[in-house]
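All remarks here apply to the structure that follows.
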Protein chains: 2
Amino acid sequence: MSANSRLTIAAHALTWIGLYQRRGHEVATSEQIATSVNTNPVVIRRLLAKLSKAGLADSRRGAGAGWMLARDLATITLLDVYQAIEPGPVFALHRATPDPECVVGHGIGPAMAAVYDDVEAALRRELGKTTLEDVLRDILKAA
Amino acid sequence: MSANSRLTIAAHALTWIGLYQRRGHEVATSEQIATSVNTNPVVIRRLLAKLSKAGLADSRRGAGAGWMLARDLATITLLDVYQAIEPGPVFALHRATPDPECVVGHGIGPAMAAVYDDVEAALRRELGKTTLEDVLRDILKAA
DNA sequence: TCTGGTTGTAACCATAATTGTTACAACCGT
DNA sequence: ACGGTTGTAACAATTATGGTTACAACCAGA
């Protein structure tokens with residue numbers, strides 16, 4: 001378990017809600033989504049809470065409660081989802097600061113940070129190319 | 001500590017060896033490198049062992065032992081280093097297989113895998129653009 | 001007003017990744 | 001033979017991840 005599966009699960013949840021709503025239902029419960037994802041409802045609620053804060057999903061409480069999309073699937077990219085749930089960078093610099101007396105130790109941090117910035121930008125650019133509508137289309141096409 | 005720092009440390013180690021050799025020394029010891037990186041020599045030896053298997057570094061044992069580059073800094077890209085030390089993917093699919101009876105649960109895996117392939121390709125393309133010679137140049141320029 | 005189902009969130013656990021550390025056999029130039 | 005270094009195993013400390021239980025807050029409808 002080196003990488004995490006949050007982006008996969010979050011995309012799954014939102015796509016599921018979108019399709020469910022498209023079939024005429026008002027809201028989807030975390031239990032229904034968890035059944036499709038095959039995990040615990042709390043895992044779903046935790047992720048949807050972050051997506052809600054980012055303005056991608058909305059919840060209704062009380063009886064007949066559940067989740068709905070705050071935006072159409074076509075207007076949500078995987079980059080939106082990624083930024084809503086992943087705070088940290090992909091690559092880390094040194095855990096302990098390297099020797100500042102050494103030329104390499106002194107300069108390697110900024111040098112690598114510049115590269116990592118470009119890499120993350122490329123990653124975001126790529127994630128921004130795909131919407132959840134694209135994902136749903138892929139899913140329905142394969143079915 | 002969400003992300004790991006191996007690429008940073010490996011690039012640091014190789015660049016350090018390169019500069020050290022350029023200054024007229026035959027080999028660099030893991031202890032010297034560890035001092036610049038500010039970590040334990042075993043951490044360096046573990047990484048260099050993988051880089052050695054990938055054909056980027058070489059070691060000499062016995063007395064007067066140490067590490068040297070197997071290729072010039074200008075011919076080693078960060079992608080070479082990345083592939084030598086990082087086996088796993090950046091994004092993971094579901095930990096437990098989702099409900100195959102559900103349309104979304106059935107199709108989301110392949111759909112996301114296709115996106116992740118493109119993302120990893122973009123990441124590799126970006127890492128391939130920078131050589132360790134570029135990194136060293138950056139370091140010396142800033143000094 | 002009460003009931004029942006759901007959200008929102010805290011708390012805890014198991015597992016695994018990451019990094020640091022100690023230890024030691026294997027190696028080899030001198 | 002000596003002494004310094006590699007190569008690697010073993011273990012510990014810290015953290016991330018995901019699963020689970022628990023429960024207060026919430027609210028539509030009876």
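Residue numbering restarts at 1 for every chain, and letters A, B, ... go by the order of the sequence lines. Values in this document were obtained by computation on a predicted structure and should not be read as measured data.
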Distance in angstrom units between B:Ile85 CD1 and C:dT18 C1', rounded: 13 Å
field: Euclidean distance, atom NE2 of residue A:His94 to atom P of C:dT18 [Å, nearest integer]
entry: 17 Å
field: side chain to side chain donor-acceptor pair (under 3.5 Å) between B:Asp72 and B:Thr75, intermediate numbers included
entry: CA-CA 6 Å; B:Asp72 190 82; B:Thr75 73; 5.8 Å; no
- prompt: Does one hydrophobic cluster hold both B:Val104 and A:Val43, with members joined at side-chain heavy-atom distances below 4.5 Å?
  reply: no
- prompt: In whole Å, what is the span from the CD1 atom of A:Ile44 to the C1' atom of C:dT9?
  reply: 16 Å
- prompt: Do other residues, nucleotides or ligands put more than 12 heavy atoms under 6.0 Å from the NE2 atom of B:His94?
  reply: yes
- prompt: By ring-ring contact (aromatic ring centres under 6.0 Å, His included), which residues pair with A:Tyr82, not counting sequence neighbours?
  reply: B:Phe91
message: So, using side-chain hydrogen bond (donor to acceptor under 3.5 Å, both in side chains) as the criterion, who are the partners of A:Thr131 when residues are at least two apart?
response: A:Asp134
message: So if I take residues 50-59 of chain B and measure heavy-atom distances to DNA chain C, which residues fall below 4.0 Å?
response: none
message: Any side-chain N or O of B:Arg95 below 4.0 angstrom from OP1/OP2 of C:dT15?
response: no
- request: Using whole Å, report how far CZ of B:Arg6 lies from P of C:dA17.
  value: 10 Å
message: Distance check needed: C:dG5 P versus A:Gln32 CD, whole Å only.
response: 14 Å
message: Once salt bridge (charged side-chain N to carboxylate O under 4.0 Å, His left out) is applied, what residue pairs with a partner in residues 23-46 of chain B remain, sequence neighbours excluded?
response: B:Glu26-B:Arg60
- request: Take atom CH2 of A:Trp67 and atom P of D:dC26, then tell me their distance rounded to the nearest Å.
  value: 15 Å
- prompt: Quick one: A:Ile9 CD1 to D:dG18 P, roughly how many Å, whole number?
  reply: 7 Å
- prompt: Quick one: do A:Val103 and B:Trp16 end up in the same hydrophobic cluster if we chain Ile, Leu, Val, Met, Phe, Trp and Tyr together by side-chain heavy atoms under 4.5 Å apart?
  reply: yes
- request: Search all heavy atoms of A:Val27 against all heavy atoms of A:Gly64 and return the closest pair with its distance.
  value: CG2-O, 3.9 Å
message: How many whole angstroms separate atom CD of A:Glu31 from atom P of D:dT20?
response: 12 Å
task: For DNA chain C, find the residues of residues 22-29 of chain B with a heavy-atom distance under 4.0 Å and give them by number; none if there aren't any.
output: none
task: Summarise protein proximity over nucleotides 21-30 of chain C in one line of letters, 5' to 3': B for base, S for sugar-phosphate only, - for none, counting protein heavy atoms closer than 4.0 Å.
output: BBB--BBBB-
